[in-house]
Amino acid sequence: MPFDLQSPPAEAIKLLATYITFVTKSNEQKATAAGLKPTRFHARTLPSIDILGYLNRILKYAPCGTECFLAMIIYLERISVTGTLIFQPPTSEDASVESLQVQLQNTSLSKESVKGIVVDAYNIHRLLITAALVSIKFLSDVFYTNLHVSRNDWLIFRCWRSTCQ
Amino acid sequence: MELEFLKLCDFSLLITPAELVECGDSLLTFSLKYRAGQSYDLPPLLSGSHIEFRNDSKPSNHELESPPTPSPLTISGKENILSHSSSSEIYQLDNTTHTTALSLFYESSFDMFPTPQNFELFEFSSTLTAAVARRVRFRNGNLNLKLKSVTKSRNTTTQRRYRRQVYGGKRKEWKSICDGPFGRNCSKCKKNLCRCKKR
């Protein structure tokens, strides 16, 4: 059954929430086990709002089309470490960081130069709001400024205000 | 945070309609299987996610003559069109080469007319045009990003109005009305007549 791009964004949000919830559960604690450092997108504690509610909140305060939400998934895949959202850590026999470096393509041997991010429950909310902002600005004729988004997103308002450009 | 996100994805923001449809199909398939409890295979939604117009196989002469058959999900006419131009290179559509790809796109499709075979191509080119326009607005969205504009217009409405206001039109009137102490080169005359009269 082909996907209809003209379908309402609320339907696409449900699909996204299902997929992203599964991804975050699959990638739970894999990044730290693989030795990857937390990034700026990581939160100290798990947010109380679930992914579906968060996406609905994004739709409520920054309404956009279905293609913007689909583009969020595409952008998240592009920034992931392995090119896919499901992170496959190295096997138990080769659990060292060096083996992870070897297995990842197009990375240098130093630990700090691993480019990309592993999507898990601690960083998914910030990644979603950032990806939403980027996709809306690039794909939609009506876009929202960073201040508008940060005001309505109480989850990262302080963090965004300090880093807003 | 936004700039870091863009750096992570190498500023490659361009997405084709085919990618969107493929992403939607994959999500829908996964969701149906996941809710039904069936086993699911999770390939990456997009393998090789950077857009590349690659001319791996150059078309032969008879392929150039016959029009390409369009497929519903891919812009099949685009690759042949690009192979007509000097597209033995790989067009990696990140922001730095976006304008180059756009100009080449228009050069190759300049003398084309929309037909059922190449309609998707026109849609894609219009999407690119809109994307370029949005990039200008994107710059105003509080993002410190240097962008290259496709055209540099020197004759916008605002600029014409300013020139008319300062150099043309009513300037002679201002000179005749102004009795101010600063003479003909009074800078205030140009801006506000009322102040000159009161003086």
Side-chain angles (χ1 to χ4, degrees), chain A residues 1-5 7 11-12 14-19 21-23 26 39-41 66-67 69-80 82-86 115-117 126-127 129-131 133-147 156 159-160 162-165, chain B residues 1-35 40-51 72-73 94-95 98 127 130-145 147:
Chain A
M1 182 168 53
F3 182 79
D4 184 18
L5 282 177
S7 60
E11 300 297 325
K14 293 176 186 175
L15 302 179
L16 253 72
T18 307
Y19 181 64
T21 307
F22 177 79
V23 166
S26 300
T39 62
R40 206 173 194 178
F41 297 96
T66 305
E67 60 274 5
F69 288 101
L70 295 178
M72 287 164 56
I73 291 289
I74 298 173
Y75 290 152
L76 288 179
E77 281 209 338
R78 288 181 183 178
I79 70 169
S80 61
T82 55
T84 64
L85 290 183
I86 302 293
K115 190 176 181 184
I117 196 168
R126 295 184 182 188
L127 283 175
I129 189 64
T130 312
L133 198 66
V134 169
S135 64
I136 288 172
K137 282 184 179 180
F138 194 76
L139 295 174
S140 175
D141 288 333
V142 179
F143 70 100
Y144 307 96
T145 58
N146 295 9
L147 191 60
I156 57 169
C159 174
W160 197 283
S162 63
T163 59
C164 182
Q165 299 189 14
Chain B
M1 209 185 292
E2 191 175 359
L3 192 57
E4 284 188 12
F5 188 90
L6 289 172
K7 285 178 183 175
L8 280 173
C9 64
D10 290 329
F11 294 96
S12 60
L13 300 181
L14 198 61
I15 298 175
T16 60
E19 284 184 323
L20 286 176
V21 173
E22 185 184 347
C23 178
D25 286 343
S26 303
L27 281 176
L28 188 61
T29 308
F30 168 77
S31 177
L32 290 173
K33 289 187 176 180
Y34 184 72
R35 289 178 187 177
Y40 39 81
D41 191 17
L42 273 177
L45 285 178
L46 295 164
S47 55
S49 50
H50 288 284
I51 299 170
L73 291 182
D94 53 340
N95 276 338
H98 186 80
T127 307
V132 170
R134 285 183 203 115
R135 280 170 60 232
V136 178
R137 288 198 295 266
F138 191 60
R139 180 173 52 188
N140 297 330
N142 298 329
L143 185 63
N144 185 18
L145 184 65
L147 297 175

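Below, read A as the first sequence line, B as the second, and so on, with proteins coming before strands; counting in each chain starts at 1. Values below: every heavy atom of this structure, side chains too, minus hydrogens, waters and symmetry copies.
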For Thr66(A), which residues count as a side-chain contact (heavy atoms from CB on, under 4.5 Å) partner, sequence neighbours excluded?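 Phe3(A), Ser7(A), Pro9(A), Ala12(A), Leu70(A).
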Part of Phe41(A) lying under 4.5 Å from any heavy atom of chain B: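 Side chain only.
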If the plane angle is over 60° it's perpendicular, under 30° parallel, otherwise tilted; pick one for Phe30(B) and Tyr19(A).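 Perpendicular, since the angle between the ring planes exceeds 60°.
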Residue pair Leu20(B) / Ala71(A): nearest heavy atoms and the distance that separates them: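 Scanning both residues, the minimum pair turns out to be CD2-N, 4.1 Å.
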Can you tell me how far the SG atom of Cys23(B) sits from the CE atom of Met72(A), to the nearest 0.5 Å? 10.5 Å
